[in-house]
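To keep things clear, I will list the structure first and then write my remarks on it.
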Amino acid sequence: MKKLFPKKQRPNKKLLLAGAGHAHIGLLRRLARKRLDTLQEVEVSVITEHPQTIYSGMLPGWMASHYKRSEISIDIAALCRRAGVTLIQRPIIAVDADTQTVITFKDAKNAKDERFDYELLSLNTGADTDMTWLNTDGLVNEDLIDKDLADKNLKNTVIPVRPIFNFVEQWQQILKQAEQVSDYKVAVVGSGAAATELVMAAQFALQQINPSHQAYLVCGEQLLSGFDAGFRSRVIKQLQRRNIEIIYERAKGLAGGKLATSKQTLAADATIAATGVMGSAWAAQTNLETVDKGFIAVNDKQQSTSHDNVFAVGDVASRVDREMAHSGVHAVFGGKVEADNLLAYLVGDKLKSYRPKNRTLYLLACGDKYAIGSWGNFSAQGCWIWYLKRYIDKRFVNAK
Ligand SMILES: Cc1cc2nc3c(=O)[nH]c(=O)nc-3n(C[C@H](O)[C@H](O)[C@H](O)COP(=O)(O)OP(=O)(O)OC[C@H]3O[C@@H](n4cnc5c(N)ncnc54)[C@H](O)[C@@H]3O)c2cc1C
């Protein structure tokens with residue numbers, strides 16, 4: 001393949017990294033270790049909302065007080081300095097791929113927008129929590145809850161786990177409230193691994209404050225679908241051992257401290273949603289091709305299906321050629337391939353495919369220093385798995 005920009009004639013180019021997710025952290029670390037020839041005449045910038053990225057894998061451990069906040073945060077500002085990359089700390093609100101512009105709020109107070117142009121764009125902004133799970137559509141018994149109020153208040157009353165930065169602030173408020181009363185209830189809504197980790201972390205933390213506080217899980221018809229049956233049964237046993245009620249009903253709105261399911265209302269002083277992901281809000285304001293619930297459509301090279309000079313990886317993107325879960329594992333491993341492809345694109349080299357492995361290691365923390373691991377059909381549990389998880393997570397957060 002002919003090189004678009006042979007090294008010597010290559011013009012100054014702008015590579016914009018949007019979001020400081022797993023993939024961009026990997027690329028920045030690579031640049032901090034070694035300045036790459038390919039980027040010699042390329043201006044590289046990162047636009048991200050916060051100067052730190054909180055590592056989701058350690059979030060339940062932080063909720064349960066096993067880690068300090070600093071231990072689960074990756075300092076993006078320091079990383080950019082080490083990598084010699086400009087940091088633009090602003091939230092992205094839109095991407096116009098036809099004019100090659102990323103639009104951000106200037107700052108949260110005066111809400112003026114600012115535009116950044118690029119020749120090559122990489123998107124790694126993660127995703128938002130899919131709250132549609134909790135709206136009252138299909139609520140059979142409308143006497144259970146004030147439907148209009150529940151739908152109107154959905155965004156104010158339910159605490160989504162994403163964006164994680166906001167969740168961290170809200171969890172601290174939950175703990176403060178729990179300290180003031182003798183009977184506090186937290187509902188976690190969701191049926192995936194994140195929801196089960198969150199409910200066990202919440203139960204552990206609440207019961208340190210007062211043993212009569214309680215967390216429970218509202219998970220719809222099935223818990224952990226897609227996981228091996230042995231793993232699922234281990235998780236359910238651990239939930240039961242921790243006295244966490246599992247309600248196999250679909251949550252249908254929250255109003256006036258009542259969480260409705262299709263059959264009953266449940267008391268909830270706070271409700272956390274870990275109900276899967278949907279595209280980030282900015283993805284509703286883009287002319288990039290999107291699929292499903294607002295994810296950027298990408299091919300096997302993690303390249304936008306509508307605009308060649310845009311790549312996307314991690315939760316922000318959906319592959320059009322295969323089913324692939326939105327998970328940190330794909331953000332990391334897909335991110336390595338995507339970074340290589342950005343560099344290859346700059347010099348007109350051949351792009352690589354990201355082919356995920358058939359099996360991935362999943363380690364699920366149970367609140368206390370105990371965890372369950374799954375690798376294909378094999379699963380195991382114990383304190384040693386928690387320490388293994390801690391070792392792997394710390395290695396990721398502290399990597400240089
Ligand atoms: C509790 C919990 C535990 C989990 N555990 C695991 C696990 O053990 N293994 C696993 O594989 N997956 C796990 N996941 C899923 C995993 O967290 C996600 O799949 C992963 O974080 C996606 O990574 P990412 O790089 O796409 O984006 P993220 O890690 O979400 O990073 C996105 C970045 O973009 C920035 N950003 C977002 N929006 C904007 C904007 N508008 N403007 C500017 N910047 C923006 C953010 O501040 C952040 O820096 C877990 C999820 C949760 C909630």
Side-chain angles (χ1 to χ4, degrees), residues 16-28 46-64 72-77 79 87-95 102-105 108 116 122-130 160-168 171 188 190 192-202 272-277 279-286 295-296 302 312-318 324-335 338 356 360-365 371-374 389-390 392-393 396-397:
L16 203 50
L17 307 177
H22 294 65
H24 288 170
I25 289 169
L27 177 57
L28 289 170
V46 176
I47 302 188
T48 193
E49 199 166 353
H50 304 289
Q52 291 167 340
T53 291
I54 293 172
Y55 178 51
S56 57
M58 291 171 93
L59 181 74
W62 170 80
M63 289 168 69
I72 67 162
S73 305
I74 298 169
D75 187 341
I76 302 302
L79 188 53
L87 173 66
I88 302 157
Q89 199 199 310
R90 291 191 184 127
I92 294 160
I93 52 169
V95 172
V102 170
I103 300 138
T104 70
F105 273 132
F116 298 88
S122 172
L123 296 165
N124 183 209
T125 55
D128 285 345
T129 304
D130 180 5
V161 68
R162 298 185 167 282
I164 289 181
F165 210 88
N166 300 353
F167 175 78
V168 162
W171 175 249
V188 176
T196 52
E197 277 196 297
L198 291 174
V199 77
M200 286 195 266
I272 297 170
T275 39
V277 287
S280 309
W282 71 257
Q285 307 297 328
T286 186
F295 298 105
I296 305 305
Q302 300 295 142
V313 68
D315 283 4
V316 72
S318 264
M324 207 162 82
H326 290 100
S327 84
V329 170
H330 296 313
V332 171
F333 292 108
E338 193 246 15
T360 51
L361 178 66
Y362 206 99
L363 303 174
L364 190 145
I372 308 170
S374 117
K389 176 168 168 54
R390 183 176 78 155
I392 295 171
D393 287 345
F396 177 75
V397 170

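Just follow the structure's listing: the first ligand is 1, and inside any ligand the first atom is 1.
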Name the option, out of [options], that contains the heavy atom nearest to [atom].
atom	options	answer
atom 16 (C) of ligand 1	H326, E197, R162, M63	R162
atom 18 (C) of ligand 1	L123, V277, V316, D315	D315
atom 39 (C) of ligand 1	E49, H22, H330	E49

Among all protein non-hydrogen atoms, which one is nearest to [atom], and what is the separation to 0.1 Å?
atom	answer
atom 38 (N) of ligand 1	T125 O, 3.5 Å
atom 17 (O) of ligand 1	S56 OG, 2.5 Å
atom 35 (C) of ligand 1	T48 OG1, 3.6 Å
atom 40 (C) of ligand 1	I92 N, 3.6 Å
atom 31 (O) of ligand 1	G21 CA, 3.2 Å
atom 52 (C) of ligand 1	A194 CB, 3.7 Å
atom 9 (N) of ligand 1	Y362 CE1, 3.9 Å
atom 27 (O) of ligand 1	G126 CA, 3.3 Å

Using a strict cut-off of 4.0 Å, indicate which atoms of ligand 1 neighbour a heavy atom of [X].
X	value
N124	24 (P), 25 (O), 26 (O), 32 (C), 33 (C), 34 (O)
G314	26 (O)
W282	41 (N)
S327	11 (O), 19 (O)

Taking [X] for the side chain and [Y] for the main chain, is one N or O donor matched with an acceptor at less than 3.5 Å?
X	Y	answer
D128	A281	yes
S122	L17	no
H326	A317	yes
H24	G19	yes
E197	A365	yes
T275	D130	yes

Below a 4.0 angstrom heavy-atom separation, can you tell me which part of A331, side chain or backbone, both or neither, approaches ligand 1?
side chain
Structural part of T53 in contact with ligand 1, heavy atom criterion under 4.0 angstrom
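Under 4.0 Å from ligand 1, T53 contributes side-chain atoms alone.
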With a 4.5 Å heavy-atom cut-off, do L59 and L198 have their side chains touching?
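Yes. Closest side-chain heavy atoms under 4.5 Å.
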Flag side-chain contact, heavy atom, 4.5 Å: V277 against F295
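Sidechains of F295 and V277: in contact.
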Determine, using heavy atoms of P91 and all atoms of ligand 1, whether some pair is separated by less than 4.0 Å.
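It does; at least one heavy atom falls under 4.0 Å.
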Ligand 1 contact by F165, heavy-atom criterion under 4.0 angstrom
no
To the nearest 0.5 Å, how far apart are CD1 in I92 and CG in L16?
7.5 Å
Gap between atom CZ of F167 and atom CD1 of I272 - 0.5 Å precision
4.0 Å
When only distance counts, is G328 in polar contact with ligand 1, meaning an N/O pair under 3.5 Å?
yes
Nitrogen or oxygen atoms of P60 and ligand 1 under 3.5 Å apart:
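Between P60 and ligand 1 (N or O atoms, distance only) the closest approach is not under 3.5 Å.
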Quick one: side chain to side chain contact (heavy atoms under 4.5 Å, CB included) partners of S73, sequence neighbours excluded?
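Here the qualifying residues are Q52, I54, R69.
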Decide if atom OH of Y55 counts as having more than 12 heavy atoms of other residues, nucleotides or ligands within a radius under 6.0 Å.
yes
Checking side chain to side chain contact (heavy atoms under 4.5 Å, CB included) between V95 and each of I296, T125, I103, T286, which is the one that passes?
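One option only clears the test, and that one is T286.
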